[in-house]
A.B. asks: 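The structure is given below, and queries will be raised subsequently.
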Number of protein chains: 2
Amino acid sequence: MRKRTISIATVAAEAGVGVGTVSRVLNGSNQVSEATRSRVLNTMERLDYRPLRSASSLSKGRTDAVGILVSVISRPSVMARLVGVIDVLSDAGLDAVVLNVENRAQLDRHLSSIIDQRRVDGIISISLRIPEERVTRIRKLDIPLVLVDNSLPNLPCVYIDDVAGGNMATKHLLSLGHRRVGFIGDNKHTGLGMSSSEDRYAGYLMALEAAGIEPDFDLVARGPHSSEAAAALTSALFELGKHRPTAIFASSDTLAVGVIKAAQHHGLKIPDDCAVIGFDNLEISSILDISTVNQPLLESGIKGASKMVSLLNGEIAKPHREELSLDVVPRGSSLGIQRNHPTKLYGVVEGPNGLQILQGGEELVS
Amino acid sequence: MRKRTISIATVAAEAGVGVGTVSRVLNGSNQVSEATRSRVLNTMERLDYRPLRSASSLSKGRTDAVGILVSVISRPSVMARLVGVIDVLSDAGLDAVVLNVENRAQLDRHLSSIIDQRRVDGIISISLRIPEERVTRIRKLDIPLVLVDNSLPNLPCVYIDDVAGGNMATKHLLSLGHRRVGFIGDNKHTGLGMSSSEDRYAGYLMALEAAGIEPDFDLVARGPHSSEAAAALTSALFELGKHRPTAIFASSDTLAVGVIKAAQHHGLKIPDDCAVIGFDNLEISSILDISTVNQPLLESGIKGASKMVSLLNGEIAKPHREELSLDVVPRGSSLGIQRNHPTKLYGVVEGPNGLQILQGGEELVS
DNA sequence: TTATGCCATGGAACCGGTTCCGAATTGGGA
DNA sequence: TCCCAATTCGGAACCGGTTCCATGGCATAA
């Protein structure tokens, strides 16, 4: 009975060289003569030999994989970041191990298994706050950690200034003359330390104060992160009668959709009866013509993953901490007039099987 | 200098037992006396010992990881399936290695690295057709392969009948009295073998034929998978004047959004001037009140991943091949009944059940 | 010719768990 | 008291690459 699996030893024997030489060929060492190299390569080809990842991992001491901790993966904003991360890692030849975290217990479980068993060479955390003690442990083990949409001192991270963003959004509404501006946000304590909604709320308060407006906490409501929940909360605000808000800042576009729904339900015209602004600039806000605060989601993932790649190559992540910029995207839900047309149409051309996009579309894959 | 890493040997020496015993404790063998077990556990605790994954992988011959091949991850329908897959794998203690595939070259690259290097124990393919020769290779290597939103003979898979779905959607429009029904779909050749759009088109043709309607290929258009592209294609159909379609079946909700946009642009009322139905029942279609064909996206991921877990446990995936059911979700974009209407988004619109509140909200995380 | 040095190479030791075989201990029954 | 079986345990061999050291060959310099 012949040995079933073809190992480096099989190749070495077959090619009449030592195992060391085969390994050197595998790793592209220049310590091998051209003649020997090609002989070994031929043998590998002939035997259909493939190196076993786990064996290599063991002796090299690294896995060539990166763990990605993701908070509530189904959220569109989180998804967009994840896409960026995965693409960069993939290009760098690193495996992306995705770990979905929906509660504190899951976070702990994933962190233990990932960190302690050294399943990955580095960890990227998306929109998730890693507990203090875990960070120190990760540091002690010398495992690179990059934060995306989050920030901790002395750690490489890519983040935005949510307070400033909340401020910008609220100022936008104030600048349109609104005085009774409501706020719809996420619940405070999710156990995952996602603070963006609260930070945006802080910015909201700042803007009110700067405008000399006393905040009315009756116009502030928090709930689960879904448009249905936001609709319910908003509905309650609208029932305040003459004390109802004339404008609402929703801490994310998903919530803003709920606000719009509630307005429809109450027969309120947008933006005349109630102006609305969201946050994130998701595709939905463009489709529904909802004003929002743009933040570079995909880019945050790309930049974060790039930092990780640098760190794993032993380089220093160039801008150690990177703040991405925000800007208000005014649309029909706050401005009276519909400024730009919701749909920009592309030129089309006749094709054999109907119509094909001529330009501006997604690139055609072969 | 003491050895830095704490291995099983360190623990064994410290606890005064053999390495075999420590390993047995690690793996929960019942061949260890209670006294010894607790002594070893104490020592492990004291030394803060953690087993190294890659070492275990090497000797056990498995990685406890599953590769997930994903076609164009940013598509909402694909995302939803992915979420289901990740959750199930995570519960089973398996790593989810996500591989985004956007073109044929990437598919080949990922398949090679994943399969040949045995980086994973099994492969789940989402909305992606694996080339024939790869399938045979995977089979030969005895690596479990599960298809989600795809189907091949003799392979475990979870799929829908896209032809039937297209038929249902088109029939729905026909039943409303439409005779000139257009079709907006994806480009035929993406190199990734995603055939759902074409299958739905086949269903569309079937429905027309069953109704005794000669298909008008001027009403059929294909392009990249984006609402902008769909809007452009639809726009061209609307410019056919009196020959324009009175109803359109878009092969996905994303495309249906584009159809709606184009209608707005041309000042056409929906559904009066043009009825629309999409496919997938994404959240957006519910928000925009677009009729659609519902398919269980999350469920497909869950079921697919469950099959994988079974296979890795040496069991047989119970229903080897599983077809999930479809149903038409009639909404305002096709029914005459006026409900929340996208074209009147910011107008006053009364809806019979326009708002669903106070139920079905996201569960609070502790 | 001999000394010096570089290059290519073979192969043992090693990475850190797992597994299996054989040995030691224990307990029960005759 | 002795024997046999069951239980528990130690440790060598092994998984399949990587690395480092020793070696032999060849060319160049002395």
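Heavy atoms only: backbone and side chains are in, while hydrogens, waters and symmetry mates are out. Lettering follows sequence order; numbering is per chain, from 1.
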A.B. asks: May I ask you to test the A:P156-A:L311 pair for a side-chain heavy-atom distance under 4.5 Å?
C.D. replies: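 A:P156 reaches A:L311 side chain to side chain.
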A.B. asks: Report the distance from atom CZ of A:R24 to atom P of D:dT18, rounded to the nearest whole Å.
C.D. replies: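 Rounded to the whole Å, the gap is 11 Å.
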A.B. asks: Applying side-chain contact (heavy atoms from CB on, under 4.5 Å) between B:V70 and each of B:V85, B:I126, B:V148, B:L128, report the one that passes.
C.D. replies: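 Checked B:V85, B:I126, B:V148, B:L128 against B:V70; only one passes side-chain contact (heavy atoms from CB on, under 4.5 Å): B:I126.
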A.B. asks: Please work out if A:S33 contacts a base, only the sugar-phosphate, or nothing of the nucleic acid, heavy-atom cut-off 4.0 Å.
C.D. replies: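 The answer is sugar-phosphate, as A:S33 gets under 4.0 Å only of primed atoms, P, OP1 or OP2.
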A.B. asks: With sequence neighbours left out, which residue pairs that include part of residues 121-130 of chain A fulfil the salt bridge (charged side-chain N to carboxylate O under 4.0 Å, His left out) condition?
C.D. replies: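 Qualifying pairs, neighbours excluded: none.
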A.B. asks: Please work out if A:R118 contacts a base, only the sugar-phosphate, or nothing of the nucleic acid, heavy-atom cut-off 4.0 Å.
C.D. replies: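 No contact at all - A:R118 keeps every heavy atom at 4.0 Å or more from the nucleic acid.
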A.B. asks: Among D:dT18, C:dG17, C:dG10, which nucleotide sits nearest the side chain of B:S7?
C.D. replies: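 Comparing D:dT18, C:dG17, C:dG10 against the side chain of B:S7, the answer is C:dG17.
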A.B. asks: By nearest nucleotide on DNA chain C, pick out whichever of B:L26 and A:V19 is the more 5' one.
C.D. replies: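 Looking at DNA chain C, the more 5' nearest nucleotide goes with A:V19.
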A.B. asks: Does B:T21 place a side-chain N or O at less than 4.0 Å from the phosphate oxygens OP1/OP2 of D:dG10?
C.D. replies: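 Result: yes.
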A.B. asks: Among residues 52-62 of chain A, which contact DNA chain C at a heavy-atom distance under 4.0 Å?
C.D. replies: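 Going residue by residue through residues 52-62 of chain A, the ones with a heavy atom under 4.0 Å of DNA chain C turn out to be A:L58, A:S59.
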A.B. asks: Categorize B:V22 for me: base, sugar-phosphate, or nothing, with a 4.0 angstrom heavy-atom threshold over every strand shown.
C.D. replies: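 Contact class for B:V22: none.
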A.B. asks: Pick the closest DNA chain D nucleotide for B:G20 and for A:G20 by heavy atoms, then say which residue is nearer the 5' end.
C.D. replies: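 Result of the comparison: B:G20.
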A.B. asks: Whole Å only: how far is the CG atom of A:N27 from the P atom of D:dT19?
C.D. replies: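 It works out to 7 Å between those atoms.
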A.B. asks: Could you tell me whether A:E133 atom CD has more than 12 heavy atoms of other residues or ligands within 6.0 Å of it?
C.D. replies: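 Check passes, neighbour count above 12.
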A.B. asks: Nearest-Å distance, CZ (B:R37) to C1' (D:dG10)?
C.D. replies: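 Checked: the CZ to C1' distance equals 17 Å.
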A.B. asks: Provide, to the nearest angstrom, the distance between the CD1 atom belonging to A:I8 and the P atom belonging to C:dA12.
C.D. replies: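 Value for this atom pair: 15 Å.
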A.B. asks: Does D:dG16 have OP1 or OP2 sitting under 4.0 Å from an N or O in the side chain of A:T5?
C.D. replies: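 For D:dG16, OP1 or OP2 has a side-chain N or O of A:T5 closer than 4.0 Å.
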A.B. asks: So which one's nearest nucleotide on DNA chain D is more toward 5', B:G16 or A:Y49?
C.D. replies: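 Its nucleotide being nearer the 5' end, the pick is B:G16.
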A.B. asks: Looking at B:E132, I want to see if its CD is surrounded by more than 12 non-hydrogen atoms of other residues, nucleotides or ligands under 6.0 Å.
C.D. replies: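 Incorrect, the count does not exceed 12.
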A.B. asks: Find the distance B:Q31:CD to C:dT18:P and express it as a whole number of Å.
C.D. replies: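 Rounding to the nearest Å, CD of B:Q31 and P of C:dT18 are 15 Å apart.
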A.B. asks: Using whole Å, what does the distance between atom P of nucleotide D:dT7 and atom CD of B:E34 come to?
C.D. replies: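 After rounding, the gap between these two atoms is 15 Å.
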A.B. asks: Please list all pairs passing the salt bridge (charged side-chain N to carboxylate O under 4.0 Å, His left out) test where one or both residues lie in residues 139-149 of chain A, with sequence neighbours left out.
C.D. replies: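 Every salt bridge (charged side-chain N to carboxylate O under 4.0 Å, His left out) pair that includes a residue of residues 139-149 of chain A, provided the two are not neighbours, is A:R81-A:D149.
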A.B. asks: More than 12 heavy atoms of other residues, nucleotides or ligands under 6.0 Å from CD of B:E315: is that the case?
C.D. replies: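 Counting other residues, nucleotides and ligands, CD of B:E315 exceeds 12 neighbours.
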